[in-house]
**Student:** 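After the structure tokens below, expect a handful of questions from me.
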Amino acid sequence: QPQLVESGGGLVQPGGSLRLSCETSGFAFESYDIAWFRQAPGKEREGVSCISSRGGITKYGGSVKDRFTISRDNAKNTAYLRMNRLNAEDSAVYYCAASTQAMCALAFSSWSRHEVHQFQYWGQGTLVTVSE
């Protein structure tokens, strides 16, 4: 049974940092592209970042580029999202997702929206709240 479990969310002050983890099991993690998405209340889900199966390709949404860093440890079957200089607009539930397709090689609009159905497995999400 494939599982993705996000952790590391919480309450943080503006300007602070968090590192999210996506621990996986039940599938060949090293063969899957991994992406992070987020959804704020009342807003559509949006793509945040993507990393290819071996880590050679990373993509970021414009609003998080230069602040967030995606990484993975295939030996631990875990992906990470380091988030720096957080602001209120980053508050959302963050989800990780896995795809056997080479999603991260696609343009941002493709892997994050048009082809999002190609992500076969999803986690339950972890809540990030940025507030004083």
Side-chain angles (χ1 to χ4, degrees):
Q1 182 84 8
Q3 281 193 318
L4 294 82
V5 180
E6 301 93 338
S7 63
L11 175 64
V12 62
Q13 291 186 335
S17 298
L18 284 175
R19 189 181 80 155
L20 306 183
S21 298
C22 173
E23 297 183 43
T24 75
S25 61
F27 63 98
F29 178 78
E30 67 278 5
S31 298
Y32 282 68
D33 282 16
I34 300 294
W36 287 92
F37 294 81
R38 67 185 182 185
Q39 187 166 22
K43 294 188 177 180
E44 291 187 357
R45 182 180 59 195
E46 65 171 332
V48 175
S49 186
C50 187
I51 187 167
S52 59
S53 60
R54 297 191 177 186
I57 298 173
T58 57
K59 296 279 177 69
Y60 297 92
S63 64
V64 307
K65 192 175 181 181
D66 298 328
R67 297 189 298 123
F68 290 12
T69 303
I70 192 170
S71 61
R72 64 189 296 159
D73 186 339
N74 285 354
K76 296 182 178 180
N77 295 333
T78 301
Y80 306 95
L81 185 69
R82 175 69 179 182
M83 306 186 296
N84 295 328
R85 304 198 309 276
L86 287 161
N87 56 62
E89 288 68 41
D90 296 316
S91 296
V93 177
Y94 284 71
Y95 302 89
C96 60
S99 175
T100 54
Q101 305 300 310
M103 299 298 287
C104 301
L106 303 177
F108 180 84
S109 60
S110 293
W111 70 261
S112 67
R113 289 197 294 273
H114 308 313
E115 299 297 324
V116 70
H117 58 278
Q118 299 284 6
F119 286 96
Q120 292 100 328
Y121 307 134
W122 291 78
Q124 294 300 306
T126 185
L127 177 64
V128 172
T129 303
V130 184
S131 179
E132 294 285 356

**Student:** Can a donor-acceptor pair be found, under 3.5 Å and without considering hydrogens, that links the side chain of Ser99 to the backbone of Gln118?
**Tutor:** yes
**Student:** Can you hop from Tyr95 to Leu127 via hydrophobic side chains spaced under 4.5 Å?
**Tutor:** yes
**Student:** Residues two or more places apart in sequence or in another chain: which of them pass salt bridge (charged side-chain N to carboxylate O under 4.0 Å, His left out) with Glu46?
**Tutor:**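 Salt bridge (charged side-chain N to carboxylate O under 4.0 Å, His left out) list for Glu46, sorted by chain: Arg38.
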**Student:** Looking only at heavy atoms, which two atoms of Leu106 and Trp111 are closest? And how far apart?
**Tutor:** O-CD1, 3.6 Å
**Student:** Just how far is it from atom CD of Glu89 to atom OG of Ser63, taken to the nearest 0.5 Å?
**Tutor:** 9.5 Å
**Student:** Evaluate the side-chain proximity of Ser49 to Phe68: yes if any heavy-atom separation is below 4.5 Å, no if none is.
**Tutor:** no
**Student:** Is there a path of hydrophobic side-chain contacts, each under 4.5 Å between heavy atoms of I, L, V, M, F, W or Y residues, that connects Tyr94 with Leu4?
**Tutor:** yes
**Student:** With distance as the sole test, does Glu6 use its side chain to make a donor-acceptor pair with the main-chain N or O of Gln124 at under 3.5 Å?
**Tutor:**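 Between the backbone of Gln124 and the side chain of Glu6 there is a qualifying donor-acceptor contact (under 3.5 Å).
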**Student:** Can you see which heavy atom on Trp122 is nearest to which on Arg45, and at what distance?
**Tutor:** CH2-NH1, 3.5 Å
**Student:** Closest approach of Asp90 and Val128, non-hydrogen atoms and distance?
**Tutor:** O-CG1, 4.3 Å
**Student:** Kindly give the heavy-atom pair with the smallest separation between Cys104 and Ser52, and that separation in Å.
**Tutor:** SG-N, 3.6 Å
**Student:** Has Tyr60 got a side-chain atom pairing as donor or acceptor with Ile70's backbone, closer than 3.5 angstrom?
**Tutor:** yes
**Student:** Taking side chain as C-beta onward, heavy atoms only, is Thr126 less than 4.5 Å from Ser7?
**Tutor:** no
**Student:** Please say yes or no: joined through hydrophobic side-chain contacts below 4.5 Å, possibly via intermediate residues, are Val93 and Val48 part of one cluster?
**Tutor:**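 Unlinked, Val93 and Val48 end up in two clusters.
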**Student:** Are Leu20 and Val130 connected into the same hydrophobic cluster when the rule is that any two of I, L, V, M, F, W, Y join if their side-chain heavy atoms are below 4.5 Å apart?
**Tutor:**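 Same cluster.
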**Student:** What residue pairs, at least two apart or across chains, pass side-chain hydrogen bond (donor to acceptor under 3.5 Å, both in side chains) with a residue in residues 16-37?
**Tutor:**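 side-chain hydrogen bond (donor to acceptor under 3.5 Å, both in side chains) check on residues 16-37 returns Ser17-Asn84.
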**Student:** Is the shortest heavy-atom distance from the side chain of Asn87 to the side chain of Arg67 under 4.5 Å?
**Tutor:**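 The answer is yes, as the side chains (C-beta and beyond) meet within the 4.5 Å cut-off.
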**Student:** Where is the tightest heavy-atom contact between Ile34 and Arg72, given as atom of each residue plus distance?
**Tutor:** CG1-NH1, 3.7 Å
**Student:** How many angstroms lie between CE in Met103 and OG1 in Thr100, if you round to the nearest 0.5 Å?
**Tutor:**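 Rounded to the nearest 0.5 Å, the CE-OG1 separation comes out at 9.5 Å.
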**Student:** Do you know the tightest heavy-atom contact between Asn74 and Phe29?
**Tutor:** OD1-CE2, 3.1 Å
**Student:** Using only atom types and a distance under 3.5 Å, with no angle test, would you say the side chain of Arg82 pairs donor to acceptor with the backbone of Thr69?
**Tutor:** no
**Student:** Transitively linked via ILVMFWY side-chain contacts under 4.5 Å: Ile51 with Phe27?
**Tutor:** yes
**Student:** Can you say whether the rings of Phe37 and Phe119 are parallel (under 30°), tilted (30 to 60°) or perpendicular (over 60°)?
**Tutor:** perpendicular
